[in-house]
J.: 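Just dropping this structure here.
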Amino acid sequence: SARLDPADLLAVGDLLTDEERLIRDTVRQFADERIRPHVGDWFERGVFPARELAPELGKLGVLGMHLDGYGCTGSSAVAYGVACMELEAADSGLRSFVSVQGSLAMRSIHAFGSEEQKQRWLPDMAAGRAIGCFGLTEPDFGSDPANMRTRARRKGADWVLSGTKMWITNGSISDVAVVWAQTEEGVRGFLVPSGTPGFSANDVHGKLSLRASVTSELVFDEVVLPADAVLPGVTGLRGPLSSLGEARYGILWGTVGAARDCYTTALDYAKSRIQFERPIAGFQLTQQKLVEMMLEVEKAYLVAVRIGRLKDAGQCRPAHISFGKLNNVRAAIEIARSARTILGANGITTEYPVLRHANNLESVLTYEGTSEIHTLVLGEAITGESAYR
Ligand code: FAD
């Protein structure tokens with residue numbers, strides 16, 4: 001019989017199709033060759049070389065890969081998921097770049113944009129020639145975006161946009177910002193190209209998490225936009241929330257990659273690190289940690305495959321996404337912290353990925369709906385009682 005694979009003991013990977021496995025292996029190879037050797041240094045310096053990487057990610061086919069047409073790959077949900085898994089195995093910042101570009105910015109234009117807006121932006125964004133961001137969160141409104149203060153008012157045929165967005169991934173490096181604002185008709189989305197007078201972006205400094213990722217404040221000071229800057233296809237919070245659902249789906253896969261990377265790093269380290277004249281992998285306490293990690297990685301992977309198959313069958317509901325995001329991010333953080341202990345002092349440096357993953361996952365726990373909010377989504381799904389306010 002075939003040898004057991006310690007990195008995938010239950011052979012969850014066998015549930016993937018040949019095509020999905022091919023995408024997994026291709027993205028893994030890209031991440032291992034192009035990202036892994038440098039990402040510790042990027043994290044330490046607090047940089048992400050987006051301009052250089054975007055065309056390479058475009059060529060790899062992962063920018064808007066689950067969208068149809070306009071230069072996008074049109075992959076299945078599971079194929080998109082496995083790509084996110086392999087990207088985040090390298091770093092959550094890399095996966096965040098791809099999620100924001102594809103699932104938040106491109107997906108909003110694809111779902112709600114005019115034909116002209118789609119032609120203008122999507123082929124360039126799919127190829128990585130143009131970078132997008134998605135501005136929903138504000139300094140005073142995160143979990144509760146319905147009360148946002150950013151406003152757009154009509155002035156003749158134009159719009160005038162004012163307000164501040166905060167914590168915006170890719171903010172200062174974007175060619176186009178998808179910005180959600182309150183209007184007299186309800187929440188609408190606007191496409192704001194960089195360089196538009198009155199629009200500026202300032203980077204957030206001092207992050208201890210997701211350091212290999214650009215996070216910015218966006219300021220709109222009476223920004224005049226033409227009538228065709230508005231996304232015509234949606235009014236109301238349903239617009240941004242539906243795109244967030246797509247990005248969260250990528251996260252529930254991505255975190256399996258980060259968790260697997262921590263577990264396999266700890267496993268390799270434990271087999272070669274000698275203390276008290278034997279590999280630390282031979283101590284029962286170490287084995288218990290490794291086994292717990294392995295169980296949780298495999299369960300999270302199974303959850304991801306299940307939700308991916310539901311999504312491809314058109315049966316995925318928001319509560320399913322909340323299930324995956326809550327469970328898999330939480331599992332990944334626990335695994336990362338436990339892996340760090342196995343690496344001892346080496347575990348605290350950027351030479352190994354474990355504390356970088358653990359720190360990154362703190363952001364992943366908070367963005368795209370905090371764990372508390374996903375708990376409330378699930379609480380309402382099973383009890384019928386809403387507990388938000
Ligand atoms: P708050 O909403 O103030 O929450 C603080 C705490 O209160 C949390 O623990 C929360 O769970 C809890 N809480 C709030 N309401 C309730 C309730 N009803 N019941 C119980 N507990 C509650 N946003 C974007 O729009 N675009 C981006 O690209 C983007 N990128 C990000 C990148 C990073 C690195 C980070 C850290 C954030 C990013 N965000 C982005 C913002 C992110 O979506 C918000 O941080 C998130 O929605 C939480 O909002 P908040 O930080 O304001 O926390």
Side-chain angles (χ1 to χ4, degrees), residues 43 46-48 50 88 91-108 131-150 163-174 176-182 187 189-190 192 201-220 237 239-248 250-251 254-255 258 321-322 325-326 329-330 333 356-380 385-389:
F43 184 94
V47 298
F48 182 74
E88 194 151 357
D91 193 78
S92 302
L94 174 69
R95 199 270 308 137
S96 296
F97 177 86
V98 169
S99 289
V100 168
Q101 174 88 349
S103 288
L104 293 179
M106 291 176 72
R107 194 270 174 189
S108 297
I131 295 174
C133 70
F134 178 94
L136 177 65
T137 305
E138 302 189 351
D140 294 331
F141 297 94
S143 300
D144 180 21
N147 285 314
M148 69 173 73
R149 288 210 186 103
T150 299
T164 305
K165 296 292 178 181
M166 189 59 186
W167 305 111
I168 307 307
T169 303
N170 299 351
S172 66
I173 56 168
S174 283
V176 63
V178 177
V179 181
W180 300 94
Q182 208 61 258
V187 171
F190 295 86
V192 188
N202 311 300
D203 286 344
V204 175
H205 295 291
K207 286 184 298 173
L208 299 173
S209 172
L210 227 62
R211 289 182 54 78
S213 175
V214 174
T215 314
S216 319
E217 172 196 50
L218 308 183
V219 180
F220 305 95
L237 266 188
L241 294 187
S242 67
S243 293
L244 285 165
E246 295 295 315
R248 285 170 189 148
I251 291 174
T255 46
I321 302 283
S322 289
K325 205 243 174 200
L326 176 62
V329 181
R330 200 160 61 180
I333 283 201
R356 175 168 54 79
H357 280 308
N359 278 6
N360 283 339
L361 289 163
E362 295 291 341
S363 288
V364 182
L365 190 69
T366 286
Y367 70 23
E368 305 273 354
T370 66
S371 280
E372 292 79 7
I373 294 297
H374 288 297
T375 303
L376 299 184
V377 172
L378 290 166
E380 183 175 3
E385 299 281 348
S386 167
Y388 297 93
R389 55 188 82 241

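Please read these numbers as outputs of a predicted model, since none were measured by experiment. Both counts, for ligands and for their atoms, begin at 1 and track the order of listing. Just so you know, these numbers use all the heavy atoms, side chains as well, and skip hydrogens, waters and symmetry mates.
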J.: As a test of understanding, state which of L365, L361, N360 forms a side-chain contact (heavy atoms from CB on, under 4.5 Å) with T255.
T.: L361
J.: Assess the residue pair D203 and T215 against the criterion (side chain to side chain contact (heavy atoms under 4.5 Å, CB included)); give the C-alpha distance rounded to whole Å, side-chain angles, the decisive distance to 0.1 Å, and a yes or no.
T.: CA-CA 6 Å; D203 286 344; T215 314; over 6 Å; no
J.: May I ask you to check whether T164 and E217 show a side-chain donor-acceptor distance below 3.5 Å?
T.: no
J.: Checking R95 side chain against D91 main chain: does a donor-acceptor pair fall under 3.5 Å?
T.: no
J.: So do the side chains of T150 and W180 get within less than 4.5 Å of each other, counting heavy atoms only?
T.: no
J.: With a 4.5 Å heavy-atom cut-off, do K165 and I168 have their side chains touching?
T.: yes
J.: Enumerate, one pair per line, all nitrogen or oxygen atoms of ligand 1 lying under 3.5 Å from a protein nitrogen or oxygen, stating the separation to 0.1 Å; write 'none' if no such pair exists.
T.:
residue  : atom   : partner : partner atom : Å
ligand 1 : 2 (O)  : S143    : N            : 2.9
ligand 1 : 2 (O)  : S143    : OG           : 2.6
ligand 1 : 9 (O)  : E372    : OE1          : 3.3
ligand 1 : 11 (O) : T370    : OG1          : 2.6
ligand 1 : 11 (O) : E372    : OE1          : 2.8
ligand 1 : 18 (N) : Y388    : O            : 3.0
ligand 1 : 23 (N) : T137    : OG1          : 2.7
ligand 1 : 25 (O) : L136    : N            : 3.0
ligand 1 : 25 (O) : T137    : N            : 2.9
ligand 1 : 25 (O) : T137    : OG1          : 3.1
ligand 1 : 26 (N) : F134    : O            : 2.9
ligand 1 : 28 (O) : T169    : N            : 3.0
ligand 1 : 28 (O) : T169    : OG1          : 3.4
ligand 1 : 30 (N) : W167    : O            : 2.7
ligand 1 : 30 (N) : T169    : OG1          : 2.8
ligand 1 : 39 (N) : W167    : O            : 3.2

